[in-house]
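Numbering of residues begins at 1 and proceeds along the displayed sequence. Note that this is a predicted model, so its numbers are computed, not measured.
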Amino acid sequence: MTSQPRPTGLPSRFRTQVVGAALLDDAARPTSFLAAQRAYPEALRGLWEFPGGKQEPDESCEQALVRECAEELGVRVELRDEVPGPHPQGWPLKDTAAMRVWTGTVAGGQPAPAAGEDHLAVRWVPLGDPEAVLSLPWIPADLPIVHALLEQLAR
Ligand SMILES: Nc1nc2c([nH]c(=O)n2[C@H]2C[C@H](O)[C@@H](COP(=O)(O)OP(=O)(O)OP(=O)(O)O)O2)c(=O)[nH]1
């Protein structure tokens, strides 16, 4: 697993650190990744995103992501490579929040949205058709991340 070190002793530019997972169907030869459809807030309802959430105090980004995947999808994940963003805190989502994203695989369980929680649905998105991937209604801030993911996996 690679991880971009965050400089210590410097104030974070983004107050809220979000983490997201691009879960692959197969680590060595991925053919699809898991996208999740947000249920809330109303402005984001129905849009697609990377499963994940906010880092809590006293946990690393990686720990937060493992926890969020367990809570939201009911799966145990193994994280692999970071999809590095333009900032040490990852990919800017808005003025106050940025998201670090890792690829990973499901090591236990079947991903499904937790009842009545964050997601309306989850879907394995085939990587073979980038136009189809990008035509999903993603949260707009996620589009550069999806591009970067597709490039990283094509290498
Ligand atoms: N999880 C996730 N959040 C994203 C993505 N893109 C994006 O703009 N966001 C935004 C939506 C939210 O404002 C914020 C993440 O909040 P969240 O609601 O998922 O976090 P959480 O599970 O810890 O939520 P909560 O306990 O505060 O309700 O980041 C994405 O791909 N995944």
Of all pairs that satisfy ring-ring contact (aromatic ring centres under 6.0 Å, His included), the ones with a partner from residues 52-71, not counting sequence neighbours: none
Rounded to the nearest 0.5 Å, what separates atom CG in L136 from atom CG in L143? 10.0 Å
How many angstroms lie between CG in D142 and CG in L134, if you round to the nearest 0.5 Å? 11.5 Å
Which pair of non-hydrogen atoms, one from C61 and one from Q55, has the smallest distance, and what is that distance? N-NE2, 3.5 Å
In the single-linkage hydrophobic clustering (I, L, V, M, F, W, Y; side-chain heavy atoms under 4.5 Å), do V106 and L24 co-cluster? no
Path from M99 to L44 over hydrophobic side-chain contacts below 4.5 Å: no
Could you list the donor-acceptor pairs under 3.5 angstrom formed between side-chain atoms of residues 63-75 and any protein atom two or more places apart in sequence or on another chain?
| from | atom 1 | to | atom 2 | distance (Å) |
| --- | --- | --- | --- | --- |
| Q63 | OE1 | S60 | N | 2.8 |
| R67 | NE | E59 | OE1 | 3.0 |
| R67 | NE | E59 | OE2 | 3.3 |
| R67 | NH1 | E71 | OE1 | 3.3 |
| R67 | NH1 | E71 | OE2 | 3.4 |
| R67 | NH2 | K54 | O | 3.1 |
| R67 | NH2 | E59 | OE2 | 2.7 |
| E72 | OE1 | G52 | N | 3.2 |

I'd like to know if the side chain of Q89 and the backbone of F14 have a donor-acceptor N/O pair within less than 3.5 Å. yes
Using the test salt bridge (charged side-chain N to carboxylate O under 4.0 Å, His left out), find all partners of E56 that sit at least two apart in sequence or belong to another chain. none
Rounded to the nearest 0.5 Å, how far apart are CZ of R123 and CZ of F33? 10.5 Å
Any side-chain heavy-atom pair of P30 and L127 under 4.5 Å: yes
Okay, side chain of W91, backbone of V83: is any donor-acceptor separation there less than 3.5 Å? yes
Hey, could you give me each pair passing ring-ring contact (aromatic ring centres under 6.0 Å, His included) that has a residue in residues 59-86? Not counting sequence neighbours. none
Looking only at heavy atoms, the pair that brings P126 and V133 closest together is O-CG2, 3.2 Å
Donor-acceptor pairs are to be reported for all side-chain atoms of residues 144-155 against protein atoms at under 3.5 Å, with residues two or more places apart or in another chain.
| from | atom 1 | to | atom 2 | distance (Å) |
| --- | --- | --- | --- | --- |
| Q152 | NE2 | E82 | O | 3.0 |

Just by distance, do the side chain of T103 and the backbone of D81 share a donor-acceptor pair under 3.5 Å? yes
Can you check whether W124 reaches T31 side chain to side chain, under 4.5 Å on heavy atoms? no
Sequence neighbours excluded - salt bridge (Lys or Arg N to Asp or Glu O under 4.0 Å) pairs with any residue from residues 22-47: R38-E49
So if you build clusters from Ile, Leu, Val, Met, Phe, Trp, Tyr with side-chain heavy-atom gaps below 4.5 Å, do L93 and V19 land together? no
Within one Ile-Leu-Val-Met-Phe-Trp-Tyr cluster: V101 and L79, side-chain cutoff 4.5 Å: no
Measure the shortest side-chain to side-chain distance between P92 and P86 over non-hydrogen atoms and say whether it is less than 4.5 angstrom. yes
Minimal non-hydrogen separation, P111 against V122, with atom names: O-CG2, 3.9 Å
Could you report the tightest heavy-atom contact between W48 and A121, atom names first, then the distance? CZ3-O, 4.1 Å
Between OG1 on residue T96 and CZ on residue R13, distance to nearest 0.5 Å: 11.0 Å
W138 side-chain N/O to F50 backbone N/O, donor-acceptor pair under 3.5 Å: no
